[in-house]
Amino acid sequence: MPEYEKAMRPEDITRLFVERSNAGDADGVAELYEEDAVLAFPPGSTTVGRAAIRELWARFLADRPHFEPEEPLPTLLSGDIALTSTPPKDGSGARAQVVRRQPDGSWLRVLDQPEFTPPAR
């Protein structure tokens, strides 16, 4: 497996996700998650664990979708846990992730909610 750049700040994960997804690199995307991470995707379900996340992204990236970088909102940090988020460019809601600092100082996703939609009024 290649040596991947590590997210040394919580906000780096979003950039690395876009770069690796656009390269079709499901292994690289999965390396942004802890071994037992939970991803709320596809919509309405969850994918649990790095191996399952890798398989999901391999299928999803096979169609070669293109991701645009999104400017992260301010990170909320408490010790070794952080909440990161980005507003989708299409204004369709929000994205949020809980990330944890690793022993080497890098950060990985623990919980990933890639799609929040505004509540119905």
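What you see is a predicted model; the values in this text were computed from it and never measured.
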- Is there a side-chain contact between Tyr4 and Asp27, using heavy atoms and a 4.5 Å cut-off? yes
- Item | Contacts of Thr75 that satisfy side chain to side chain donor-acceptor pair (under 3.5 Å) - sequence neighbours left out | Glu11
- Task: For the pair Arg95 and Glu115, evaluate side chain to side chain contact (heavy atoms under 4.5 Å, CB included) and give the outcome as yes or no after the intermediate values.
- Result: CA-CA 5 Å; Arg95 307 181 202 292; Glu115 296 181 354; 4.3 Å; yes
- Is the shortest heavy-atom distance from the side chain of Pro42 to the side chain of Leu56 under 4.5 Å? yes
- Task: Using the rule that two of Ile, Leu, Val, Met, Phe, Trp, Tyr join whenever any of their side-chain heavy atoms come within less than 4.5 Å, decide whether Val18 and Trp57 are in one cluster.
- Result: yes
- Query: Are Leu16 and Tyr33 connected, step by step, through hydrophobic side chains (Ile, Leu, Val, Met, Phe, Trp, Tyr) whose heavy atoms are closer than 4.5 Å?
  - Reply: yes
- Query: Out of curiosity, Trp107 CH2 to Ile81 CD1, how far, rounded to the nearest 0.5 Å?
  - Reply: 7.5 Å
- So CG of Leu39 and CG of Leu32: to nearest 0.5 Å the spacing works out to 11.5 Å
- salt bridge (Lys or Arg N to Asp or Glu O under 4.0 Å) with Arg15: of Glu71, Glu5, Glu68, only one passes, and it is Glu5
- Task: Please report the closest heavy-atom contact between Asp12 and Met8, naming both atoms and the distance.
- Result: OD2-N, 3.1 Å
- Note on the structure: Taken to the nearest 0.5 Å, the spacing of Glu31 CD from Arg54 CZ works out to 5.5 Å
- May I ask whether Leu76 and Val99 are part of the same hydrophobic cluster, defined by side-chain heavy atoms of I, L, V, M, F, W, Y residues being less than 4.5 angstrom apart, directly or through others? no
- What class does the angle between the rings of Phe41 and Phe60 fall in, given that below 30° is parallel, 30 to 60° is tilted and above 60° is perpendicular? perpendicular
- Message: Check whether Asp63 reaches the backbone of Pro65 with its side chain - one donor and one acceptor, N or O, closer than 3.5 Å.
- Response: no
- Counterpart residues, side chain to side chain contact (heavy atoms under 4.5 Å, CB included), relative to Asp80 (two or more places apart): Arg101
- Query: Which atoms form the tightest heavy-atom contact between Ala96 and Leu83, and what is the distance?
  - Reply: CB-CD1, 4.3 Å
- Looking only at heavy atoms, what is the nearest atom pair of Pro114 and Ala40, with distance? CD-O, 3.4 Å
- Please test Gln97 against Ile13 for side chain to side chain contact (heavy atoms under 4.5 Å, CB included), starting from the C-alpha separation and ending with a verdict. CA-CA 10 Å; Gln97 302 82 33; Ile13 295 177; over 6 Å; no
- Note on the structure: dist Thr84:OG1 -> Leu77:CG (nearest 0.5 Å) comes out at 11.0 Å
- Distance col, row Ile53:CD1 vs Asp36:CG, nearest 0.5 angstrom, shows 9.0 Å
- Item | Nearest non-hydrogen partners of Thr14 and Glu70, listed with the distance | CG2-O, 4.0 Å
- Query: Between the side chain of Ser106 and the main-chain N/O of Gln102, is any donor-acceptor distance below 3.5 Å?
  - Reply: no
- Task: Can you measure from CG (Leu61) to CG (Asn22) and round to the nearest 0.5 angstrom?
- Result: 8.5 Å
- Item | Distance-minimising heavy-atom pair for Ala82 and Pro10 | CB-CG, 3.9 Å
